[in-house]
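Heads up, the thing below is written out as C-alpha cells.
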Amino acid sequence: MTHVLLVRLAAPLQSWGAVSRFSRRDTHSRPTKSAVIGLCAAALGRDRTDPVDDLAEIVFGVRADHPGTPVRDYHSVGAGRYPLRPRDLITDHRRAAAVSKSLEAGEGDAFGHHELAGWYGAPKKIAADPVSGALVSEQVSRTALITERWYLSDAAFLAGLQHDDRGLLEEIAHALEHPKQLLWLGRKSCPPSGTIAAGILPGTLAEAFAAKRLLPGAEEPAPSGRRPWAWLQAPPGTPGATPVNDQPVSFDSGRRQHTTRWETRTRVTIAPTADEWDIIP
C-alpha cells in the first residue's frame with residue numbers, strides 16, 4: 001500500500017530554477033522534484049555528498065493551488081565609484097600605481113579616501129600576476145554586469161511524496177518541521193512560511209490531491225469549484241506523459257547530476273468531502 005506525504009510550499013517569494021545561469025536566474029512555474037527532494041535532504045541533515053537514492057525513488061507530484069505572479073528582480077553589479085581599501089592596493093600593484101599621486105598627497109597616518117574610476121565590480125579573466133604572483137584580474141577597469149532573477153510572488157503549492165514506506169515519510173515529515181539545516185524554496189532568499197509537513201494520507205498522489213481542500217493563500221477565498229492543475233510523476237511510456245529533467249542523481253557540488261523522469265498534467269477535482277486545512281499559514 002502506498003502513502004503520500006503532503007508538503008506545503010508557500011512563501012512571499014519562491015524560485016524554482018530550471019535553466020539558471022549567472023546573468024539570468026529563471027524560475028519554473030512550479031516546484032521541481034530535484035528542489036523538493038533537496039529540501040527534504042537538507043531537513044534530514046544530509047550532506048551534499050551523501051547518496052540520495054532512497055529519496056530519489058519517491059514518486060513526486062505537485063498541485064498548483066495558487067500559482068503566484070512572476071516577478072523580475074533587476075541587478076546591475078559593479079562599474080561604479082567606490083573607495084579603495086589598503087588590501088586593494090596590496091593585492092594589485094597596478095591599482096597602487098594608478099592612485100600613487102593621491103596616496104602621496106595624503107596627510108597623517110590614516111589611509112585616507114582614494115578612488116579609482118571604473119575598477120569596482122566582479123573581476124574577470126583571473127590569472128597569476130607576473131610581478132607579484134597574486135591572482136588578479138586581467139582587466140583593471142571593469143564593466144557593469146547586468147543580471148536578472150525571477151521569482152513567484154504569493155504562490156502556494158501542495159507537493160506530494162508517494163512511497164510504500166510510511167516510516168520514511170514520517171521521518172521526512174518530522175524533519176521538515178524540525179530541520180537540521182536551513183530550508184528555502186528554491187533560493188536562499190526564499191524561506192518557507194508556516195507549516196510545511198501537511199500530513200500523510202493513504203493512497204496515490206491523485207487520491208491525496210483530491211482529498212484536500214485548496215490551500216489558504218493570497219487568492220482566498222478560492223473560487224467555488226476551481227480545479228487546480230497538478231503534475232504527477234508517471235512511468236515512462238504513459239500516454240500523454242512528457243519528460244522532465246529534474247530527477248536527482250547527486251547533489252554533490254563537484255558533480256551535480258540529474259536525469260529524466262516523466263510526468264502527466266491533469267486537473268484535480270476536489271472531492272466534496274475533502275478535508276479542511278488546520279495549519280499555520
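Numbering starts at 1 and runs along the sequence shown.
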field: Side-chain donor or acceptor of Arg149 paired with backbone N/O of Arg25 under 3.5 Å
entry: no

- request: Taking Trp277 for its side chain and Arg213 for its backbone only, find out whether a donor-acceptor pair lies under 3.5 Å.
  value: yes

query: Between Ala210 and Thr269, what is the shortest heavy-atom contact and its length?
result: CB-O, 3.6 Å

task: Might you point out which heavy atoms bring Trp262 and Pro235 nearest each other, and give the distance in Å?
output: CB-O, 4.4 Å

- prompt: Would you say Trp229 and Val7 are hydrophobically clustered, going by side-chain heavy atoms of ILVMFWY under 4.5 Å?
  reply: yes

message: Is there a path of hydrophobic side-chain contacts, each under 4.5 Å between heavy atoms, that joins Val36 and Leu183?
response: yes

- request: Take His66 and Asp154, measure what side-chain contact (heavy atoms from CB on, under 4.5 Å) needs, and give me the verdict at the end.
  value: CA-CA 8 Å; His66 303 282; Asp154 295 325; over 6 Å; no

- prompt: Just by distance, do the side chain of Arg187 and the backbone of Ser15 share a donor-acceptor pair under 3.5 Å?
  reply: no

field: CG-CD1 distance between Asp54 and Ile37, expressed to the nearest 0.5 angstrom
entry: 9.0 Å

statement: Applying side-chain hydrogen bond (donor to acceptor under 3.5 Å, both in side chains) to Arg72 and not counting sequence neighbours gives Glu148

field: Gap between atom CG of Asp164 and atom OG1 of Thr2 - 0.5 Å precision
entry: 6.5 Å

- prompt: Minimum heavy-atom separation for Leu214 to Arg63, with atom names?
  reply: CA-NH2, 3.6 Å

query: Any side-chain heavy-atom pair from Leu152 and Leu185 closer than 4.5 angstrom?
result: no

- prompt: Under 3.5 Å, is there a donor-acceptor pair between the side chain of Gln14 and the main chain of Gly186?
  reply: no

- line: Distance col, row Leu161:CG vs His3:NE2, nearest 0.5 angstrom, shows 14.0 Å

field: Backbone of Arg46 reached by a side-chain donor or acceptor of Gln181 within 3.5 Å
entry: yes

query: Quick one: do Ile172 and Val52 end up in the same hydrophobic cluster if we chain Ile, Leu, Val, Met, Phe, Trp and Tyr together by side-chain heavy atoms under 4.5 Å apart?
result: yes

Separation of Thr242 OG1 from Glu263 CD (nearest 0.5 Å): 5.0 Å

statement: Minimal heavy-atom distance between His258 and Ser34, with the atoms involved, is NE2-OG, 2.8 Å

Just distance, no hydrogens or angles: give the donor-acceptor pairs under 3.5 Å from side chains in residues 193-206, sequence neighbours left out.
unit_1: Ser193; atom_1: OG; unit_2: Ala10; atom_2: O; d: 3.0
unit_1: Thr195; atom_1: OG1; unit_2: Ile280; atom_2: N; d: 3.0
unit_1: Thr204; atom_1: OG1; unit_2: Glu207; atom_2: N; d: 3.3

- prompt: Is a side-chain N or O of Asp246 found less than 3.5 angstrom from the main chain of Thr32, in a donor-acceptor match?
  reply: no

query: Do the non-hydrogen side-chain atoms of Gln233 and Gln162 ever get within less than 4.5 Å of each other?
result: no

- prompt: Okay, side chain of Arg48, backbone of Phe251: is any donor-acceptor separation there less than 3.5 Å?
  reply: yes

query: Which other residues belong to the hydrophobic cluster containing Leu13, where Ile, Leu, Val, Met, Phe, Trp and Tyr are joined when side-chain heavy atoms lie under 4.5 Å apart, directly or via other members?
result: Tyr151

- request: Evaluate the criterion side-chain hydrogen bond (donor to acceptor under 3.5 Å, both in side chains) for residue pair His28 and Asp26; output intermediate values, then yes/no.
  value: CA-CA 7 Å; His28 206 342; Asp26 69 347; over 6 Å; no

